[in-house]
4 protein chains.
Amino acid sequence: MKAAIAGASGYAGGELLRLLLAHPGIQIGALTAGSSAGTTLGEHQPHLPALADRIIEPTGPDTLSGHDVVFLALPHGASAAIAAQLGQDTLIVDCGADFRLSSEADWTEFYGGPHAGTWPYGLPELPGQRDVLANAKRIAVPGCYPTSVTLGLFPAFAAGLVEPDVVVVAASGTSGAGRSLKASLLGSEVMGSVSAYGVGGTHRHTPEMTQNLSAVAGQPVRVSFTPTLAPMARGILATCSAPATPGLTKARLREAYQEALKDEPFTHLLPEGRWPATAMTLGANTAVLQVALDERAGRVIVVVAIDNLTKGTAGGAIQSANLALGLPEELGLPTTGVSP
Amino acid sequence: MKAAIAGASGYAGGELLRLLLAHPGIQIGALTAGSSAGTTLGEHQPHLPALADRIIEPTGPDTLSGHDVVFLALPHGASAAIAAQLGQDTLIVDCGADFRLSSEADWTEFYGGPHAGTWPYGLPELPGQRDVLANAKRIAVPGCYPTSVTLGLFPAFAAGLVEPDVVVVAASGTSGAGRSLKASLLGSEVMGSVSAYGVGGTHRHTPEMTQNLSAVAGQPVRVSFTPTLAPMARGILATCSAPATPGLTKARLREAYQEALKDEPFTHLLPEGRWPATAMTLGANTAVLQVALDERAGRVIVVVAIDNLTKGTAGGAIQSANLALGLPEELGLPTTGVSP
Amino acid sequence: MKAAIAGASGYAGGELLRLLLAHPGIQIGALTAGSSAGTTLGEHQPHLPALADRIIEPTGPDTLSGHDVVFLALPHGASAAIAAQLGQDTLIVDCGADFRLSSEADWTEFYGGPHAGTWPYGLPELPGQRDVLANAKRIAVPGCYPTSVTLGLFPAFAAGLVEPDVVVVAASGTSGAGRSLKASLLGSEVMGSVSAYGVGGTHRHTPEMTQNLSAVAGQPVRVSFTPTLAPMARGILATCSAPATPGLTKARLREAYQEALKDEPFTHLLPEGRWPATAMTLGANTAVLQVALDERAGRVIVVVAIDNLTKGTAGGAIQSANLALGLPEELGLPTTGVSP
Amino acid sequence: MKAAIAGASGYAGGELLRLLLAHPGIQIGALTAGSSAGTTLGEHQPHLPALADRIIEPTGPDTLSGHDVVFLALPHGASAAIAAQLGQDTLIVDCGADFRLSSEADWTEFYGGPHAGTWPYGLPELPGQRDVLANAKRIAVPGCYPTSVTLGLFPAFAAGLVEPDVVVVAASGTSGAGRSLKASLLGSEVMGSVSAYGVGGTHRHTPEMTQNLSAVAGQPVRVSFTPTLAPMARGILATCSAPATPGLTKARLREAYQEALKDEPFTHLLPEGRWPATAMTLGANTAVLQVALDERAGRVIVVVAIDNLTKGTAGGAIQSANLALGLPEELGLPTTGVSP
C-alpha cells in the first residue's frame, strides 16, 4: 500500500509521517503542502532524518493520485475539492473537520460556510463502527478533544449509567493549535501558564461531542465543554463528568468500563487508585482512562489521557485506514509511550 | 510591626518572606523551621539574597514569641499546639488547614484525627468577612483551590444566579504540593504532562469549597471537584460551572460579577472576550476572572486564575493580617504579575 | 519624575512598566507603540491590571515629549531619529542596540546599515561607569547576554587572573527573542527542547562582549560565544571560561570576586559549593554568580544567572536611569526573585 | 534472543523496555529491581501498558540467568558482583559507570572505591570499535554526556583539525539524574530554570571524555566540562569547542565531518545553516550534529543533540548489544524523533 500525505509540513502531517515510517504495511508516497511546496521536508520536520531530503510537492490531483490512501492534513474547507478530484477508488482519510458533523445546522453555526457532507466517522471503538470503516473509501478522522471525550464517556452512556448532562474540562498541549503563528502560542506566553479559551460552549469540537454521545445514549446529550491550554507540546487530559443514574455503584461502574473496553487494543483502563497522566501516552495510539463515582456529588467522573497528535489525530487516522485497507487494525501503531 | 515565620524553609514560607521583604509595615523577625533549623535561609531560598545569611531557628514558643504576628506555614496538625503557647495577644495566621473547617465531621472524614477548632476564615472578599477579620487574633488562611473557587462562584451564588450543583476542574502548578520528595513530583515526571489526582471528591479542599459556597448560597451546595497537576511551578486555573437559574441572561450575569467585584482590590474581571491565564497572576495577589453563560448547556462557567502561593497562600495570609493588624488591606501586596 | 515608554506592548516595555509601577520615584507617563497604537495596554500586558485601560499612543515626538525620561524599547534602527526629536534635556534610555558599540566596523559587520553613534554604556558595575552615567542624558542599555558575561568576567580581567581567550555558552529563555512571530519560537517547538542558534561567532552580542572585556583587560580579548534557547520564558545562564594565568589559586580567585563585587547592590556571589540557577533571579535585578578554578583543564569558570528582562534589560535600564536622574541607584528595583 | 533487564523500575530500565518492546530480534525476559521487587511494572512505567501486569523480581543470579543478554541499569558499584555470578557466555551490557574507565587513578578520583575493571566500550562509532564489540561478552555503555561529546569531537580529532584543549558546556534534561528523590530535581525547582552543577571539572563524566578524545587524538586532550540542568525531561545539547589548527577552512572542516559520519546509521549532520535541537532526537537513537568554524575566535564549535535516555543510554546499549549478538546493528532502533 502506498500513501500520500497532503499537509506534510504541519504537525499532523509530521505525525502521520513519523508513524508511517514504522508502518510495515504502508509505504510513504507523495508529500505535499501549500506554501511549503518546493522546500525539503527536513526544514519542517527535522525529527524525521530519513525523509530529510524529500522535496515537498504542491497539493493537487497530480501529486496525490496514484496512491492507495491519501491522508489530508489541511486547513478546514480544503478537503472536499481535493476529494472530488481523486476518484472513488482511493481511500481518503481527512484529518480535518469538513466531514465530521452530520448536522448541517451545527456545521453552519460552528464553522460557517457550506456543509461539505458527512463521511464515515473514524473512531473504531464506537459500537458498530468497525463494520462501517471496513468498507469505507472516505473517512472523517475525529477531532482530538472529541476522541478523548467520546472514548471516556461512551461506556457510561452505552450502559445507561449517567444522565445526559455532561461537563468536560480538558487541558491540551499547544500542538493542538497547529503551527499557526499567533502571539498566544509563543513559548514565552504558554510556558509556565495554563489558560482557558473557547469558553461557554463556543469551541468547534462541542457539537461533535454532542453528536457522538447522543448517538450512543439514544437521546440528546448536553455537553458543557471548556478547553484549556497547558504548557506542554502534546497531550490531552479530559476530565468528564455526568450525573450518576440512581443506584449506581462503584462496582457496577467499573465493571461497565472493563466490559466495554476489554477487547480494545488502544484503550487502557488503569488499575483502581491510579490516574491518567498525558505522559503515559506520549507518541502512543493509546487512550488511558480511569473512572470514579463521587457519591456525595452524585456524579460519575472519567479522566482520559491521549496524545492529541497520535490517538487524537494521526494514529487514529491510520487505525481507521488500516481497517479500510483490510490491514490488521493495530498494524504499525505503537501502544508504548515515550516517558519520562 | 514584627512578624515571625514558622516553616521558613518551605515554599509557603519562602513566599511569605518574599512579600514581607517588600512590605512597608511589617518587619521580618524570627525565621523558624523543623529539620532545617540551624542552616542558613540561603540554602533553602536562594532567590532571597537579602536574607541569605539568616540562621533558621527551631520552631517553638521561645523563638516565636515577642512578635506582633506569627505566620505558621507548617504541616497539618502542628498549629494548635503552637498557638496554645503563644498567648491571645499575638496575631496568629495559619496557612495550614487545621482551623479552616467548621464541621468536625468533615474534618474527621477528610483529614482524620481530632478537630482543632475553627478560626476566622481569611478570605476578606466574602460578604461580611472584613469585619470579622478586623478584630481577629487568629486567622485560618484558605486553601489555594478553595480561594480560587470561592472567589469565582460567590458572586453567582450571592445573586442567586446558579443552582447549588457545582462542577470544578482545576489545574495547579506543582508548588501546591510543597517541597515533598515524591517521585510523582520530580521534574522528569511532571514536565510535559498533565495528570489527575484526588478524583471522585476525595481531595481535602472539597469540603472547604462546600462550606464556603453553602454559606453564601444559604443552602447546601454540592461540589464535584477534580484537581489536576500541570507542568508549571505556580498557578491555579479553576474552571467552575453550575446550572444557570431559569431566565438568566448574559447581561445579568456579567452585571452581577461587576457589582460584586467592583470595589475589590485583588480581583480583576477581564473585559469580555478575553480569558484568564495563570501567567497574568504570577507573583501577584490578584485573582483574574471571566464568566460565560452557555445557553445550550444551561450552565454558568467561571474561570479563575490565581497564583497558588501568593493570593492562594502567602499573599492571602498577609492581606488578612493587614486587616487584623489595622493596616491598609492592600499594603505591601503586588497586583502586578511577572510575565512573560 | 515622569517616564514615557516607547514600545509598551512588547516584552521589554512590559517589564519596564512592571518595575515602574512599583518605583517610588518615577511616574508612568505616555505609553506608545507602533502597530499597537490605539489599543488598550490590557490586550498586550494582561499581567498589569493597574494599567489595563490605558490607551497606547503612537510613538513620536508629540507623545514622548514632556517627560523627564524616555525609555525606548524599539526595534534596532529606530532610536536615533526619535532621540534627535526629543531635545538634549530629556534623559533617553535606549534598550535597543543602536548606540552600544563604539566600533563602526563592528556595527556594520553585525548589524548592517549606518552606525548611529555611541552613548554612555548603562552597566554601572563596570569600573568608573557610575560617574559616566551620573551626568548622562543618553544611555545605551547593554544587551542581555553581554550584561551577564561582562558581570561574570570583568572581575577576573580587572585582576589579571585570566588570559584573553574567552569561551561563553549561554542558555536564554525565549523572551529574549521578543514577541516575534516565528515558528521556531512557538511553544510547541521550544517546550521540551534546548537548541543552538547563532553559532560560530555570528550572534550580534559577540562584539559587545569583546568591547567590554577588552576595555577592562586593557588588551584585545577574543570571545567565542554560543547562545542556546532553553524551554523557559525568562532567564540567562551564562557559562564563561578563560585560561587561568599561571599560578592562580582558588583562594586568590575567590578573593578577587569578593573584592570586586562587595559593594555592588545587584550582584550576589554565592557561597562556595553552590551554583547559580536562573530561578534565583526571576523578576529580580540581581546577577547571581559563582566561580571555579579547574586546575586540570587550566581554566577559570564563571557561571552567571540573570533575568534577561530585568537585570538584562528593563531593570538595568532603570538602574542606570536612577543614576542619571540623581535618584538612589537601587530605588524601585527588586533584588528578590519569584521562586519556585 | 531473550533479554533480562535489571533495574526495570528506573528511567534507564524503562527506556530499555520501551525499545525492546519494538525490537524484532530480542524478547523481554525477566524484569528485576531492588526495592521495587514484588510490585507490578505498571506502577513504575505506566507508559508501557503491554507490560503493566508483569511482576518485578529481585535482582540476582536466579532471576537473571538463562538469558542471552542481561542489561544492567543499576547504581554504580553493583555490576561487578552480578556479572561474576552470570557466567562468561551471557552477554552483559552495563549501563552504569563501573567498567567505563581504563584508568584506575581516574576511577578512584572521580568515583571512589575499588576499580572494577574495564569492559569493551559501547560506542560503535569510534574508529575500530565495531570489531571490538562484535566479539564482546561484556559491554560498558558510555555515559550520556560522553556519548554526545565523543560523537561531536572525534571527527575533528581524528582528522587533526583541533588542538587538544576542549571546552564543553552541555544542557541535560532531568532524567539524566534518574529517579532520585532530591529537592533540586522537583518539578517546582527545575521548571522555568536552567542551573549549573558539577562545575570546575568535578563531574564524573569528565575523565571519560578525556579518555575517549585522547585515544582518538593520539595525545592527551584537556577537557573543561560544565554540565547544566535544563527544564525538560529528556535530551542533551552539548556545545563543544576547541582551538582550530592553523589554516583550517570551513570547507575542510565540513568535509571531515561528512567523511567521518557518512556511513553512520545513527548520526545526522544537518545541512549548513541549521542547528541541532534536542527535540529532533526525542526517543530516537540519533545524534544530530552541526559544525562551525569561528575564525575570529579561532575555534571549531560542534553542537550535538541526543536523547540522553535513548542514544545516551538504552538505545546505545541495544545498538552495541545488537553487534555483540550478531544482529544487524540498527535492528529495533528508531531514528525518528517524537516532535513537536
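Chain letters run A, B, ... following the sequence lines, proteins first and then strands; every chain starts at 1. Since this is a predicted model, take the numbers as computed values, not measurements.
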(message) Counting heavy-atom pairs closer than 4.5 Å to chain B, which one of A:V303, A:V167, A:L186 comes out on top?
(response) A:V167
(request) Using non-hydrogen atoms and a 4.5 Å limit, figure out which bit of B:A305 sits close to chain A: side chain, backbone, both or neither. (result) neither
(message) If we define contacts as heavy-atom pairs under 4.5 Å, which of B:A196, B:P243, B:A171, B:G173 has the most with chain A?
(response) B:A196
(request) Grab the two heavy atoms, one from A:S224 and one from B:I301, that are nearest each other, plus how far apart they are. (result) OG-CD1, 4.0 Å
(request) Heavy atoms only, distances under 4.5 angstrom: which of B:G198, B:A233, B:S195 has the most pairs with chain A? Name it, please. (result) B:S195
(request) Would you confirm whether A:T239, through its side chain, and B:V169, through its main-chain N or O, come within 3.5 Å as a donor-acceptor pair? (result) no
(request) Could you look at A:T210 and say if it's the side chain, the backbone, both or neither that has a heavy atom under 4.5 Å from chain B? (result) neither
(message) Which one wins on heavy-atom pair count under 4.5 Å against chain B: A:S241, A:A292, A:P231?
(response) A:P231
(message) Shorter than 4.5 Å, heavy atoms on both sides: which option in B:M232, B:Q290, B:M191, B:E295 has the most such pairs with chain A?
(response) B:M232
(request) Could you check which of B:P276, B:A277, B:G235, B:S193 has the highest count of heavy-atom pairs closer than 4.5 Å to chain A? (result) B:S193
(message) Counting heavy-atom pairs closer than 4.5 Å to chain B, which one of A:S188, A:P340, A:G200 comes out on top?
(response) A:G200
(request) Measure A:R234 against the heavy atoms of chain B and call it side chain, backbone, both or neither at under 4.5 Å. (result) backbone
(message) Report which part of A:R296 has an atom under 4.5 Å of a heavy atom belonging to chain B: side chain, backbone, both, or neither.
(response) both
(request) Side chain from CB out, backbone as N, CA, C, O: work out which of these in B:T206 comes under 4.5 Å of a heavy atom of chain A, or both, or neither. (result) neither
(message) Quick check for you: to the nearest 0.5 Å, what is the distance between B:D294 atom CG and A:T226 atom OG1?
(response) 8.0 Å
